Amino acid sequence: MLNRLIIILLLLAASKVYFAQEIPIGDWRDHLPYSDAVSVTYGDKIVYCATNSAIFTYNEENKTIDRLSLVNGLSDIGISKIKFNDYNKRVIIAYLNGNLDIIDENKNISNLSFIKNSNVVGSKSINHIYLKGKLAYLSTGFGIVVLDTDELEIVDTYLFGPLGNYIVTNSVTMDDTNIYAATDQGVYFADKNNPNLIDYNVWSSIATLGTLKYSNIVSFANRLFVSYDDAAYEADTLYYNDSGIWQKFPANAVGQNIHDLSVSNNHLISVSENLFTVYDDSLNFFQAIYSFNNQFSITPLECIMKEDNYYWVADKNNGLIKTIDNLVLGEIIVPNGPSSPNVFNMDFFEDELWLVSGGYGIGLQEKLINHSSNGTWGNFSNTMLNSQGMNARDMVSVAINPGNKNNVYVGSWKDGLFEYNNGAVTNIYTVYNSVLDSVISGVNVTAIGALEFDADNNLWAVSSFAKNILAVKTINNNWYSYDFPGKTEPGEEYHNLLIDQNNYKWILSIVKNRILVFDDNGTLDNTNDDRSVLNNNFSGGRIQSIVEDLDGEIWIGTDQGISVFYNPSNVFDENIKAEQIYIQQDGQTQVLLETEVATVIAVDGANRKWVGTQNSGVYLLSEDGTEQIEHFTIDNSPLFSNNIFDITINPKTGEVYFGTAKGLISYKGTATDADSDFNNVFVYPNPVKPGFNGTIAIRGLVKDTDVRITDISGNIVYQTTSLGGQAVWDGKDFNGNKVQTGVYMVFNGSPDGNLKAAAKILFIN
């Protein structure tokens, strides 16, 4: 026993690397924002906070936070409401697409997709949840759906619009007599004890309120309260019925945007744009809260009042807020994450991940920059200013300086090139203070489409709508720019840039569907020896992406899949052609991904290609593209969306980051970058503990390492070849049997046999 303990300690010490931040091979990890809260509920001393993308819980007793997303249990993304049912201790999670998840007392999650998969034409969004015992009355985009939360089944659907048509229902409540529904066409009611509520004829509208849009309705203090939703800004009105007469509440109320109306702890809470207001059961004003600790304005969407006059607030910019004593005291509770689910472009270098949000002219002005260092996300202001002091827009490119990871450049589609040092903007380069130039309709702008560092750490920038479309900022802060008469056109857009091993610059013109290739011949200040050429010799009507693989081949993605320039060094000598890849499928010869829009291609340490598409998720292809290794979609994986904007890879760990239309998610792949020697070989997990059924990694290998695993007697139990710098093993022998307890040797040899190294693995079964 003592000898075994000594072996374990030695193996742990020999691992050299701490893996607390890593996830196991084959696992997924979300990188979602948790500050954009939309709904909050409470039960059994647990606070449940729903964001647009996921859920987190806060345990009041032990002060712990847990996350729940598509990665670890939820069935969907895009949450609208969450509600704890005291009757049976179940949590109802409602989605914008009509999907439902139910969490029971034992934390088991059941998915109910009845509404999502129904043949309803139009919105299926679940807008509100009203509980009555085991029944949940769901206000949807077409009517009321009644859910039995015990049996997990739909028991009724009320289509009570004119002539029984669909009607957008925003909220439901009941009093002693009736059930009420606030809709886009007025407020409807019926006798709640009527056994035939599915018949629209038993429903009536409250004529006094007209056919206007009402977003919220509650029954409180023997009165009915409704909020009128005016399309104009700050023009909503809260009304209540007192003895049959509808009147404004409170009488002196001014215009506001009412997000939510609820009853909590025997108080009425009206949640507006930047405050929530509380009234007691005598309708006396109790409290109004509009700031947090006098530091900033709150932006609440829902609120719960607890005993001792403290509140739980779902805040759309700050996450979960606990307020005490009129916000003189309180705290913000939110898991670490980026500020936004929007991911347009990413760059990764030495555990630093930068991502930017925007698009080519969509006008996005908030939460444009996010940065993760060693897995921890930093904080940036919701907005950033351009060189004119206005809100900057549409960040579309980002590049980390490989010579100084604290020096980062971000390109905006209209506002120029932003330089960050240690997380702060230190320079903004535009047409007015640099060689960068762009003109749209006679107005000077600076539309940066792409950024890339070369091997000498010079920064190259591509501008759209410009005369000189290409510019370089040297490590000595000198600027040079280049134009291409006869090869570019005024107003042309450029969205991508690749600098290959030959130092050639490949510039993509997506709209014109062509590539401009440029060679400065190593003399940035001398244009006399420059070369440039146009190439559109590839399949597809719209080029999307470009990457160089480990063999120097240039892979491009188009609206007709993948093509490859196998001889890119000849691009200036001949009109080289990008070849499509042919595969065998079902006995037929087909073009690889011919029907897919390949939005992005990334190359891992084993030279395999990760291809992101516009509609079909992500493909992992073999080195030559002829074999499909993986195909991840929303149907077979936790991938948030099948629309992939960008992919980047951590070369040391093999974690692959997918920027999707609904947020950032990563997957622990099997390949890492190869080392040049065997000086850093290690195995993890090590020791392999009882019950472990995952993948074991041998990392720190050279390319194509021959890996042989033997028992202590020298019998080979497994053999494989490394994927880049990592080999993987499932802990089973050649016959598929799990190996027995003991120490196993890992012998590693380079392909030429000149390099060798050994390691040990301890199995404890």
Side-chain angles (χ1 to χ4, degrees), residues 37 39-42 47 81 83-84 86 128-131 139 170-178 180-182 187 189 206 208-209 212-230 234-292 297-316 321-330:
S39 186
V40 62
T41 192
Y42 179 90
V47 185
K81 294 290 179 181
K83 196 78 170 178
F84 183 87
D86 288 308
H128 181 262
I129 304 170
Y130 177 81
L131 296 174
S139 300
N170 300 308
S171 182
V172 166
T173 193
M174 294 183 187
D175 60 18
D176 293 338
T177 305
N178 296 320
Y180 301 89
V187 176
F189 71 98
I206 300 178
T208 307
L209 297 177
L212 304 174
K213 179 179 179 179
Y214 292 90
S215 294
N216 300 281
I217 187 165
V218 297
S219 178
F220 175 68
N222 298 316
R223 298 171 177 88
L224 196 64
F225 291 77
V226 298
S227 63
Y228 161 59
D229 189 349
D230 195 301
E234 290 191 343
D236 296 352
T237 308
L238 182 58
Y239 295 100
Y240 78 110
N241 188 305
D242 192 3
S243 302
I245 300 174
W246 286 97
Q247 51 192 302
K248 184 187 293 186
F249 181 83
N252 60 349
V254 295
Q256 54 190 318
N257 289 330
I258 301 175
H259 294 306
D260 188 63
L261 196 62
S262 63
V263 177
S264 185
N265 196 28
N266 204 32
H267 286 75
L268 177 69
I269 303 177
S270 176
V271 178
S272 301
E273 189 75 11
N274 294 110
L275 80 158
F276 61 89
T277 311
V278 186
Y279 302 90
D280 65 21
D281 57 4
S282 296
L283 304 190
N284 296 315
F285 171 81
F286 180 77
Q287 200 169 34
I289 297 177
Y290 52 87
S291 69
F292 177 77
S297 297
I298 62 174
T299 50
L301 291 180
E302 278 190 7
C303 178
I304 299 170
M305 182 180 184
K306 299 299 296 176
E307 301 81 6
D308 302 323
N309 299 336
Y310 75 89
Y311 306 88
W312 290 106
V313 183
D315 189 284
K316 68 178 181 179
I321 300 178
K322 181 181 181 180
T323 72
I324 306 171
D325 193 19
N326 199 23
L327 283 185
V328 174
L329 298 173

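Here the structure is a predicted model, which is why all the values come from computation and not from measurement.
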Take Val218 and Leu268 through the test side chain to side chain contact (heavy atoms under 4.5 Å, CB included) and record every step on the way to the result. CA-CA 9 Å; Val218 297; Leu268 177 69; 3.7 Å; yes
Take Tyr239 and Tyr214, measure what ring-ring contact (aromatic ring centres under 6.0 Å, His included) needs, and give me the verdict at the end. CA-CA 10 Å; Tyr239 295 100; Tyr214 292 90; 7.1 Å; no
Test side chain to side chain donor-acceptor pair (under 3.5 Å) on Ser227 and Asn216; report intermediate values, then the result. CA-CA 5 Å; Ser227 63; Asn216 300 281; 3.0 Å; yes
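Looking at Glu302 and Lys316, no side-chain N of the basic residue comes within less than 4.0 Å of a carboxylate O on the acidic one, giving no salt bridge.
Of all the heavy atoms in Ser139 and Asn170, the pair that sits closest is CB-C, 3.8 Å. Across every non-hydrogen atom of Ile321 and Thr323, the tightest pair is CG2-CG2, 3.6 Å. The two residues Val187 and Ala182 come nearest to each other via the heavy atoms CG2-CA, 4.5 Å. The two residues Val263 and Ser219 come nearest to each other via the heavy atoms CG2-O, 3.9 Å. Contact record, Leu275 with Pro300: O-CG, 3.7 Å, taken as the closest heavy-atom pair. In plain terms, the two heavy atoms of Ile269 and Ser264 that are nearest each other are CD1-CB, 3.9 Å.
Crowding of Lys83 atom NZ: a count of heavy atoms from other residues, nucleotides or ligands under 6.0 Å not exceeding 12. Other residues, nucleotides and ligands contribute only 12 or fewer heavy atoms inside 6.0 Å of the CG atom of Asn222.
With sequence neighbours excluded, no residue forms a ring-ring contact (aromatic ring centres under 6.0 Å, His included) with Phe84. Partners of Thr299 under the side-chain hydrogen bond (donor to acceptor under 3.5 Å, both in side chains) rule, at least two apart in sequence or in another chain, are Asp315, Asn317.
The side-chain heavy atoms of His267 and Asp281, taken from C-beta on, include no pair separated by under 4.5 Å. When side chains are defined from C-beta on, Asp242 counts as touching Arg223, because their heavy atoms get closer than 4.5 Å. The closest side-chain heavy-atom distance from Met305 to Val278 is below 4.5 Å. Side-chain contact between Asn274 and Ile298 is absent, with no heavy atoms from C-beta onward closer than 4.5 Å. Counting heavy atoms from C-beta outward, Leu209 and Val226 have side chains that approach closer than 4.5 Å. When side chains are defined from C-beta on, Leu283 counts as touching Phe225, because their heavy atoms get closer than 4.5 Å. Using a 4.5 Å cut-off on side-chain heavy atoms (C-beta onward), Glu273 and His259 make contact. Side-chain contact between Ser272 and Asn257 is absent, with no heavy atoms from C-beta onward closer than 4.5 Å.
Here the CD1-SG distance, from Ile289 to Cys303, works out to 7.0 Å after rounding to the nearest 0.5 Å. To the nearest 0.5 Å, the span separating CD1 on Ile304 from OG on Ser262 amounts to 8.0 Å. Put simply, OG1 on Thr237 and CD on Gln256 are 7.5 Å apart, with the number rounded to the nearest 0.5 Å. Note that OG of Ser215 and NE2 of His128 are 11.0 Å apart. Values are rounded to the nearest 0.5 Å. Interatomic distance, Ile206 CD1 to Ile217 CD1, rounded to the nearest 0.5 Å: 6.0 Å. To the nearest 0.5 Å, the span separating NZ on Lys248 from CG on Leu238 amounts to 10.5 Å.
Relative to the six-membered ring of Tyr311, Lys306 misses at least one condition, a distance below 6.0 Å or an angle of at most 45° to the axis.
Checked against a 6.0 Å centroid threshold, the rings of Phe249 and Tyr279 count as neighbours.
A distance-only check finds no donor-acceptor pair linking the side chain of Asn178 to the backbone of Tyr180 [under 3.5 Å].
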